[in-house]
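The shown structure was predicted, so the numbers you read here are calculated from the model rather than taken from an experiment.
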Amino acid sequence: MAKAWICLSFLIFLYLVSERNFINVNGETKTWCVAKPSSDQVALQDNINFACSHVDCRVLSSGCPCYSPSNLINHASIAMNLYYQANGRNYWNCNFKNSGLITITNPSYGNCYYE
């Protein structure tokens, strides 16, 4: 009986924790596109160039909330997500030559809010 109670308590805990990390929009789990941590610098820069040629990337400008930290993986993730959100949240709009990753955990930080 004690094992069953521990298991049930753990499942309830997981449910409560997961509710804070997932955002539902109209009953659908919200997703974001970010750069894979294993992506090389050239791929990240290519992703920024491609995404920002199709969407408005001014949030990455100096002085804007998403400028800092100013590194390629951070800027690529934001640009890739802008493209992903603007063009339909599906696998193909986050592939970026296999350097994109779809996540269900909101990657927003500080004053930088991912759409």
Side-chain angles (χ1 to χ4, degrees):
M1 181 70 178
K3 286 183 181 180
W5 175 249
I6 291 171
C7 289
L8 179 60
S9 298
F10 183 70
L11 289 174
I12 291 170
F13 171 77
L14 286 178
Y15 173 77
L16 293 173
V17 170
S18 69
E19 284 297 303
R20 288 184 286 132
N21 292 327
F22 304 141
I23 297 176
N24 289 316
V25 177
N26 297 328
E28 176 182 316
T29 300
K30 179 87 167 122
T31 57
W32 295 266
C33 177
V34 295
K36 284 183 181 177
S38 60
S39 300
D40 63 58
Q41 302 293 300
V42 172
L44 295 173
Q45 187 62 58
D46 287 347
N47 294 346
I48 293 169
N49 294 342
F50 174 80
C52 293
S53 71
H54 292 87
V55 295
D56 181 3
C57 289
R58 283 183 280 184
V59 300
L60 297 175
S61 301
S62 181
C64 292
C66 296
Y67 176 75
S68 182
S70 179
N71 58 54
L72 281 178
I73 194 155
N74 181 62
H75 285 192
S77 291
I78 294 163
M80 292 162 67
N81 185 65
L82 288 169
Y83 180 85
Y84 175 73
Q85 299 298 332
N87 291 286
R89 295 186 329 258
N90 64 59
Y91 169 79
W92 299 112
N93 289 328
C94 186
N95 189 12
F96 291 93
K97 297 181 182 173
N98 204 30
S99 62
L101 179 67
I102 295 173
T103 181
I104 58 173
T105 303
N106 189 340
S108 298
Y109 60 91
N111 290 325
C112 180
Y113 300 103
Y114 280 59
E115 289 184 20

Whether [X] side chain and [Y] backbone form a donor-acceptor pair below 3.5 Å:
X: His75; Y: Ser70; result: no
X: Ser77; Y: Ala35; result: yes
X: Asn93; Y: Asn87; result: yes
X: Glu115; Y: Trp32; result: no

Task: Qualifying salt bridge (charged side-chain N to carboxylate O under 4.0 Å, His left out) pairs, either residue in residues 37-63, two or more places apart - done: Asp56-Arg58
Which pair of non-hydrogen atoms, one from [X] and one from [Y], has the smallest distance, and what is that distance?
X: Tyr67; Y: Leu60; value: CD1-O, 3.0 Å
X: Ala79; Y: Ala51; value: O-CB, 3.3 Å
X: Cys112; Y: Pro65; value: CB-O, 3.7 Å

How about [X] and [Y]: do any of their side-chain heavy atoms sit closer than 4.5 Å?
X: Asn47; Y: Tyr83; answer: no
X: Asn81; Y: Pro107; answer: no
X: Tyr109; Y: Asn74; answer: yes

Shared hydrophobic cluster for [X] and [Y] (ILVMFWY, side-chain gaps under 4.5 Å):
X: Leu82; Y: Val34; result: yes
X: Ile78; Y: Ile102; result: no
X: Phe96; Y: Ile73; result: no

Look up atom [atom1] in [X] and atom [atom2] in [Y], then write down how far apart they are to the nearest 0.5 Å.
X: Cys33; Y: Arg89; atom1: SG; atom2: CZ; answer: 12.0 Å
X: Leu44; Y: Lys36; atom1: CG; atom2: NZ; answer: 12.0 Å
X: Leu101; Y: Thr31; atom1: CG; atom2: OG1; answer: 11.0 Å

